[in-house]
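Remarks on the structure that follows.
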Amino acid sequence: ASRMAVGGDSAGGNLAAVVAIAARESADLPLVFQLLIYPATDMRRGHPSHQANGQGYLLTRDTMTYFHDHYITDAKHDLDWRASPLLHGDLSRLPPALVLTAGYDPLRDEGLAYAEALTAAGNSANYLCFERQIHGFVTMGKVLDEANTAVALCATELRRAFAAPRPQA
């Protein structure tokens with residue numbers, strides 16, 4: 001129980017980020033790491049990559065709108081940190097994070113913004129963008145070598161987080 005991490009990709013990255021914040025606030029779930037792969041962190045969908053990468057790649061603006069509108073039916077809920085963890089007022093004291101994004105992904109810029117916000121709040125957050133890739137590439141290891149690289153990096157970072165000594169409370 002002293003070596004738990006949260007992680008996910010896309011909507012799962014959103015859930016992992018939210019769980020990390022909720023765990024910190026409840027103080028009853030000691031997490032040692034966050035693995036956030038092209039996480040959705042801002043439901044307002046206004047970052048430049050939403051426009052630049054919103055058509056022609058695997059995840060489109062229209063698809064994101066479809067998913068969003070089945071999840072959130074009132075636009076004011078986009079501002080709730082449980083939907084948009086980037087908007088939480090206090091991102092300090094969170095577990096170390098690895099945030100991976102893809103260059104041709106509408107979520108690229110909000111993943112970067114989340115990594116920057118984590119760092120600005122005093123957390124350890126590493127960010128890496130696989131510039132040549134699309135949303136969902138991490139699961140495409142049979143056809144994309146960079147997917148295997150990303151998975152190996154994730155595994156290395158998880159091993160490192162699990163092996164690190166726990167700070168004394």
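Throughout, residue positions are numbered sequentially from 1 according to the sequence presented.
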Donor-acceptor side-chain pairing of S26 and D28 below 3.5 angstrom:
yes
N53 vs L107 side-chain heavy atoms within contact, under 4.5 Å:
no
Would the distance check show the side chain of E110 and the main-chain N or O of T41 forming a donor-acceptor pair, the cut-off being under 3.5 Å?
yes
Spacing of NE2 belonging to H68 relative to OG1 belonging to T73, to within rounding of 0.5 Å
9.0 Å
Nearest heavy-atom neighbours spanning W81 and E25
CZ2-OE1, 3.9 Å
Does a side chain donor of either D109 or H50 reach within less than 3.5 Å of an acceptor in the other side chain?
no
Check the pair L29 / R24 against side chain to side chain contact (heavy atoms under 4.5 Å, CB included), numbers first and verdict last.
CA-CA 7 Å; L29 182 62; R24 178 207 59 203; over 6 Å; no
Return yes if some donor-acceptor pair links the side-chain N/O of T60 with the main-chain N/O of T63 below 3.5 Å, else return no.
yes
Does some side-chain heavy atom of M4 sit less than 4.5 Å from a side-chain heavy atom of V32?
no
Find out whether H88 and V18 are in side-chain contact, i.e. whether some heavy atom of one side chain is under 4.5 Å from a heavy atom of the other.
no
Can you check side chain to side chain contact (heavy atoms under 4.5 Å, CB included) on I37 and C154, steps first, answer last?
CA-CA 9 Å; I37 303 170; C154 293; 4.0 Å; yes
Could you pull out the closest heavy-atom pair between N14 and R82, with the gap in Å?
OD1-O, 4.2 Å
Would you say CG of D74 has more than 12 non-hydrogen atoms from neighbouring residues, nucleotides or ligands within 6.0 angstrom?
yes
Can you find a pair of side-chain heavy atoms, one from Q55 and one from D62, that are under 4.5 Å apart?
yes
I'd like to check I134 versus D105 (side-chain heavy atoms, cut-off strictly below 4.5 Å). Are they in contact?
no
Establish whether L58 and F130 are linked, either directly or via other cluster members, by ILVMFWY side-chain heavy-atom contacts under 4.5 Å.
yes
Say you draw a straight line from CZ of R3 to CG of L158; how long is it, rounded to the nearest 0.5 Å?
11.0 Å
N/O donor-acceptor pair under 3.5 Å between S84 side chain and D78 backbone
yes
Ignoring hydrogens, what is the shortest heavy-atom contact between G54 and P106? Give both atom names and the distance.
CA-CG, 4.3 Å
Nearest heavy-atom contact between L31 and A20 is CD1-CA, 3.7 Å
Just how far is it from atom OG of S10 to atom CG of L59, taken to the nearest 0.5 Å?
6.0 Å
Hey, what do you get for CG (N148) to NZ (K142), rounding to the nearest 0.5 Å?
11.0 Å
For L91, is there any backbone N or O sitting under 3.5 Å from a side-chain donor or acceptor partner on N123?
yes
Residues, nucleotides or ligands: over 12 heavy atoms within 6.0 Å of F67 CZ
no
Is the closest side-chain heavy-atom distance between Q51 and R61 below 4.5 Å?
yes
Hey, could you give me each pair passing ring pair (Phe, Tyr, Trp, His ring centres under 6.0 Å) that has a residue in residues 98-121? Not counting sequence neighbours.
Y57-Y104
With no hydrogens and no angle check, is any side-chain donor or acceptor of T139 less than 3.5 Å from a backbone partner on G136?
yes
What closest approach, in Å, do G8 and A16 show between heavy atoms, and which atom pair accounts for it?
N-CB, 4.1 Å
Taking the side chain as every heavy atom from C-beta outward, state whether L128 and L153 have any pair of such atoms under 4.5 Å apart.
yes
Which is it for M64 and D69 under the side chain to side chain contact (heavy atoms under 4.5 Å, CB included) test, yes or no, and what are the steps along the way?
CA-CA 8 Å; M64 288 183 60; D69 292 353; over 6 Å; no
Atom pair CG (N126) and CG (L36), whose distance is rounded to the nearest 0.5 Å
11.5 Å
Can you tell me if D42 uses its side chain to pair, donor with acceptor, with the backbone of L87 under 3.5 Å?
no
Got a list of side-chain donor-acceptor pairs under 3.5 Å for residues 93-102, not counting sequence neighbours?
residue	atom	partner	partner atom	Å
R93	NH1	D90	OD2	3.3
T101	OG1	Y127	OH	2.6

Main-chain N/O of Y66 paired with H70 side-chain donor or acceptor, under 3.5 Å:
yes
Using 30° and 60° as the class boundaries, would you call the ring planes of H135 and Y38 parallel, tilted or perpendicular?
tilted
Would you name the heavy atoms of E146 and F137 that are closest together and state the gap between them?
O-CE1, 3.7 Å
Connected via hydrophobic side-chain network under 4.5 Å: F33 and V6
no
Decide whether L86 and I21 are clustered together by the hydrophobic rule: side chain heavy atoms of Ile, Leu, Val, Met, Phe, Trp, Tyr closer than 4.5 Å, transitively.
yes
